Amino acid sequence: MTERKEDQTRSRLEKLQRIKDLGINPYPTRYQRSHSTQEAVTIFREKGDNPDELPQIRVAGRITAMRIMGKASFMDIRDGSGRIQVYFKKDTLGEEKYGLLHDFDIGDFLGVEGTLFKTRTEEITIQVSGFTFLSKALQPLPEKWHGLTDVEKRYRQRYLDLISNEEVRQIFRMRSQVISSMRRFLDGQGFMEVETPVLQSIAAGALAKPFATHHHALDRDLYLRIATELHLKRLIVGGFEKVYEIGRVFRNEGISIKHNPEFTTLECYQAYADYKDVMDLTEQMISSIAKEVLGTTQVTSGETTIDFAPPWPRIPLRDIIRDKSGIDFEEFPGAASLEAKIRQTGIPVDAGLSWAKLVDHLLSQKVEPDLIQPTFLTDYPVELSPLAKRKPEDEQLTERFEAFCGGMEIANAFSELNDPLDQRDRFEEQEKMRAEFGDEEVERTDNDFLTALEHGMPPTGGLGIGIDRLVMLLTGQHSIREVILFPQLRSQE
RNA sequence: GGGCCGGUAGCUCAGGGGUAGAGCACCGGACUUUUAAUCCGGGUGUCGAGGGUUCGAAACCCUCCCGGCUCACCA
């Protein structure tokens, strides 16, 4: 509310005062409902033919429309289940109570009791015999025809978006269902859900810039986690054989239609499994979620239909990059030669990137946009995968896959590197690359994690899934902001 | 960070040098089965902010703020 009271607010404040003056508490503590609006409608559908069997109804909700005609009025009441029309009649309520209607506004909360009937236009309605004021709204709601479309306002005042737009409510219901379905699936497979620290003295486990903060009592800089990976593997070392965490991670990077600085990942780790087992798990989990939430494994958005039914194609990274770009990166083992080849092929590329970054560039430029159906790309070069175990038959490749869908990466997984000596070498390699290429987005050596590995970790398959992107795919949304309730915008007051 | 587009009433939007506009919302009145209720009356505003040009700026110029898309960035 602004300091200069808006006209509409002033009028609502006057009504609030009148309600108070009548000795009515405009913000009471509770209301005993007998039914949801949806249940009330259903009851009438089932028993409407025998009015004697209809119960007294008490529902509560927000007034979303008012149609006032002198001595009789209709209002729409909405609760979490739906809406119902209620009917106020001066004859029934008496002059005094009926007069109170003048102090109601759209947006107020109201509890009503009465009996169900059908109007002559066939709408199931509650004939109100009594009502209780439950909450006064001082601000007007968005307009009823066009609703709220201003994107900035939709995100900054998401509650208005949720009030105005049923599709938006549906998306976030689905997001919640996706996550609970994921939990059900993993719990059913014998995984145990755990929580690991968000505040860390070293942000490792992924290649990303962390957010920095400071702990005053310890006088120590801390970082917000960029992944849950290394702590979950410590738990595998500790003897838990199947663990997962669904949690927020933070990356201090650009904001885009596919990136939010804080986003939600699932990571799960399974002892004695390898990346092929994890591919099976991934297909099964995502298709199972789609079936539970959507009732089908297929999602149509625009002209494309994505089908999550397993099995998903499994294609070695080298093959698909060669097919899509004409470049076989194994023929260009150095950064300089690969960069020259990429340039020669006519693909724009920044100068001075590491070999691993160049391969990644080819992947994101020439391959990723075409991967619409769920697809596993496998066998990533070791330079690109500092936490993944080498393939026994080819030491330059790792037992790793990424899953792509809708032109986005949605999952990353590998046979976890459990050789502490190799892991230390890989961290050092990354540090060297950071020094050489001025690349901040590389793994930072986590000595505490290395110590854990030195105590012995069983062979382990690990998986990370971007839940926001998965929800985007399942709900057909093209912007990550449409699946995050309060996305990061440029500035907050 | 670059490019393009945008910011006008509570909401959705029109207006592009000459009195600030429409619909919904809101306020007053009428109306006992309405449902985008209807009918009569009322415009409620720092035209994103600041500076400049001009007799006159919401409009034109400059700077900034905010947002969207896009490029860069982003395992």
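Throughout, a chain's letter reflects where its sequence line sits, starting with A, and its residues are numbered from 1. Computed from a prediction, not measured in an experiment: that's the story for all the values here.
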**Message:** Under 3.5 Å for both donor-acceptor distances, Watson-Crick or wobble: does rG45(B) have a partner, and if so which one?
**Reply:** none
**Asked** What is the distance from CG of Asp103(A) to P of rG28(B), rounded to the nearest Å?
**Response** 10 Å
**Message:** Taking the P atom in each of rA36(B) and rU46(B), what is the distance between them to the nearest angstrom?
**Reply:** 33 Å
**Fill in**
Whole-Å distance, Glu262(A) CD to rC74(B) C1', equals 17 Å
**Prompt:** Within less than 4.0 Å of OP1 or OP2 of rA37(B), is there a side-chain N or O belonging to Arg67(A)?
**Reply:** yes
**Asked** Between Arg225(A) and Glu245(A), does at least one N-O distance fall below 4.0 Å, as a salt bridge requires?
**Response** yes
**Message:** Please report the distance separating the P of rA25(B) from the corresponding atom of rG17(B), rounded so that it comes out in whole Å.
**Reply:** 34 Å
**Fill in**
The Watson-Crick or G-U wobble partner of rA57(B), with both key distances under 3.5 Å, is none
**Fill in**
Per salt bridge (charged side-chain N to carboxylate O under 4.0 Å, His left out), Asp379(A) is matched among Arg318(A), Lys391(A), Lys389(A) by Lys391(A)
**Prompt:** Between Lys71(A) and rA30(B), does any side-chain N or O lie under 4.0 Å from OP1 or OP2?
**Reply:** no
**Complete:** Ser11(A) has its side chain closest, among rA37(B), rC27(B), rC11(B), to rC27(B)
**Asked** So, Ser479(A) side chain and Arg481(A) main chain: donor-acceptor pair closer than 3.5 Å or not?
**Response** yes
**Asked** Rounded to whole angstrom units, what separation is found between the CG atom of Asp76(A) and the P atom of rA25(B)?
**Response** 13 Å
**Item:** Distance-only donor-acceptor test, Gln85(A) side-chain atoms vs rU34(B) base atoms, 3.5 Å
**Value:** yes
**Which nucleotide in rC69(B), rU12(B), rU34(B) has an atom nearest any side-chain atom of Asp150(A)** = rU12(B)
**Asked** Below 4.0 angstrom from OP1 or OP2 of rU33(B), is there any side-chain N or O of Lys89(A)?
**Response** no
**Message:** Looking at rU19(B), which nucleotide sits across from it as a Watson-Crick or G-U wobble partner, both distances under 3.5 angstrom, or is there none?
**Reply:** none
**Request:** Would you classify Phe117(A) as touching base, sugar-phosphate or nothing, given that sugar-phosphate means primed atoms plus P, OP1 and OP2, and contacts are heavy atoms under 4.0 Å?
**Result:** base
**Message:** Would the distance check show the side chain of Arg83(A) and the main-chain N or O of Arg78(A) forming a donor-acceptor pair, the cut-off being under 3.5 Å?
**Reply:** no
**Message:** Quick check on RNA chain B: between Asn412(A) and Thr119(A), whose nearest nucleotide comes earlier from the 5' end?
**Reply:** Thr119(A)
**Item:** Separation of atom CZ in Arg156(A) from atom P in rG67(B), rounded to whole Å
**Value:** 5 Å
**Message:** Roughly how many Å apart are rG52(B) and rG41(B), using the C1' atom of each and rounding to a whole number?
**Reply:** 44 Å
**Asked** Any sub-3.5 Å donor-acceptor pair from Thr265(A)'s side-chain atoms to Glu267(A)'s backbone N or O?
**Response** no
**Request:** Using Watson-Crick or G-U wobble geometry with both distances below 3.5 Å, tell me the partner of rG67(B), or none.
**Result:** rC5(B)
**Message:** Need to verify one output field. Residue with the more 5' nearest nucleotide on RNA chain B, Glu402(A) or Gly70(A)?
**Reply:** Gly70(A)
**Asked** Looking only at atom P, what distance separates rA49(B) and rA59(B), rounded to whole Å?
**Response** 10 Å
**Message:** I need the CD-C1' distance between Gln365(A) and rU70(B), as an integer number of Å.
**Reply:** 14 Å
**Side-chain N,O (Lys357(A)) to OP1/OP2 (rC74(B)) below 4.0 Å** = yes
**Request:** Among rA25(B), rU34(B), rA75(B), find the nucleotide with the atom closest to the side chain of Phe74(A).
**Result:** rU34(B)
**Request:** Select one nucleotide: of rA75(B), rC69(B), rC11(B), the one nearest the side-chain heavy atoms of Ala208(A).
**Result:** rA75(B)
**Prompt:** Which part of the nucleic acid, if any, lies within contact of Lys118(A), taking any heavy atom under 4.0 Å across all strands shown: a base, the sugar-phosphate backbone alone, or nothing?
**Reply:** nothing
**Asked** For the pair made of CD in Glu152(A) and P in rG7(B), what is the distance, rounded to whole Å?
**Response** 13 Å
**Message:** What's the gap between rU8(B) and rG15(B) when it is taken at their C1' atoms, as a whole Å value?
**Reply:** 9 Å
**Prompt:** Quick check: does any side chain N or O of Lys324(A) sit under 3.5 Å from a backbone N or O of Leu362(A), one acting as donor and the other as acceptor?
**Reply:** no
**Request:** Give a yes/no on whether any side-chain N or O of Lys144(A) is located under 4.0 angstrom from OP1 or OP2 of rA25(B).
**Result:** yes
**Prompt:** Quick one: is rU12(B) close enough that its OP1 or OP2 comes under 4.0 Å of any side-chain N or O from Thr149(A)?
**Reply:** yes
**Request:** For the pair Asp105(A) (side chain) and Gly107(A) (backbone), establish whether a donor and an acceptor sit closer than 3.5 Å, ignoring hydrogens and angles.
**Result:** no
**Separation of the P atoms in rC24(B) and rC60(B), to the nearest angstrom** = 30 Å
**Message:** Which nucleotide, if any, forms a Watson-Crick or G-U wobble pair with rC24(B), using both distances under 3.5 Å?
**Reply:** rG10(B)
**Request:** Would you classify Leu384(A) as touching base, sugar-phosphate or nothing, given that sugar-phosphate means primed atoms plus P, OP1 and OP2, and contacts are heavy atoms under 4.0 Å?
**Result:** nothing
**Request:** Could you please name the option among rG67(B), rC11(B), rU34(B) that lies closest to any side-chain atom of Arg120(A)?
**Result:** rU34(B)
**Request:** Can you tell me the distance, in whole Å, between the CZ atom of Arg10(A) and the C1' atom of rG43(B)?
**Result:** 14 Å
**Prompt:** Under 30°, 30 to 60°, or over 60°: which ring-plane class applies to Phe104(A) and Phe131(A), parallel, tilted or perpendicular?
**Reply:** perpendicular
**Message:** Between rG18(B) and rA57(B), how many Å separate the two C1' atoms, rounded to a whole number?
**Reply:** 10 Å
**Asked** NA contact type, Lys258(A), heavy-atom cut-off 4.0 Å: base, sugar-phosphate, or nothing?
**Response** nothing
**Asked** What is the distance, rounded to the nearest whole Å, between atom OH of Tyr98(A) and atom C1' of rU32(B)?
**Response** 8 Å
**Request:** For nucleotides rG42(B) and rG23(B), find the distance between their C1' atoms and express it as a whole number of Å.
**Result:** 16 Å
**Asked** Who does rU32(B) pair with, Watson-Crick or G-U, both distances under 3.5 Å?
**Response** none
**Asked** Quick check: does any side chain N or O of Asn412(A) sit under 3.5 Å from a backbone N or O of Glu402(A), one acting as donor and the other as acceptor?
**Response** no
**Message:** Closest approach to the side chain of Ile68(A), judged atom by atom: which nucleotide of rC66(B), rC27(B), rC31(B) is it?
**Reply:** rC31(B)
